[in-house]
Amino acid sequence: MTSTKKQTQVRLEEDVLAAGKAAAAARRLDFNKYVERLIIEDTTGARAAGMTAAQRLIDDHGAFLDDLEQRLDAPYADPQPGAAA
């Protein structure tokens, strides 16, 4: 199977390009693949479905997650006696 990919040019502000490259690197993707995924997710509805699912999780379990985060952070909130600052 041969690829029929086309080349295009996009002009981005320097900070937007840097943020995109950093996001791609964080996902272990090259920049082109990252942009391709964003377009596919946006045009197929996959991104919207994911955002809806994430919002539903927050709505249904947000209080539990907030409590869990506070409990996990509690040991680090106050310095322990004798601990170096």
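Here the structure is a predicted model, which means the values were calculated and not measured. Heads up: numbering here begins at 1 and tracks the sequence. FYI, side chains are in, hydrogens and waters are out, and symmetry mates aren't considered; it's all heavy atoms of this structure.
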When rounded to the nearest 0.5 angstrom, what is the spacing between CD in Glu13 and CZ in Arg11?
-> 11.5 Å
If you look only at distance, which donor and acceptor atoms sit under 3.5 Å apart when one is on a side chain in residues 19-33 and the other is two or more places apart or in another chain?
residue : atom : partner : partner atom : Å
Arg27   : NH1  : Ala23   : O            : 2.9
Asp30   : OD1  : Asn32   : N            : 3.0
Asp30   : OD1  : Lys33   : N            : 2.8
Lys33   : NZ   : Glu36   : OE1          : 3.2

ILVMFWY network linking Leu17 to Val35, side-chain heavy atoms under 4.5 angstrom | yes
For residues 49-67, which side-chain donor-acceptor pairs fall under 3.5 Å, sequence neighbours excluded?
residue : atom : partner : partner atom : Å
Thr52   : OG1  : Ala48   : O            : 2.9
Gln55   : NE2  : Asp59   : OD1          : 2.8
Asp67   : OD2  : Arg71   : NE           : 2.9

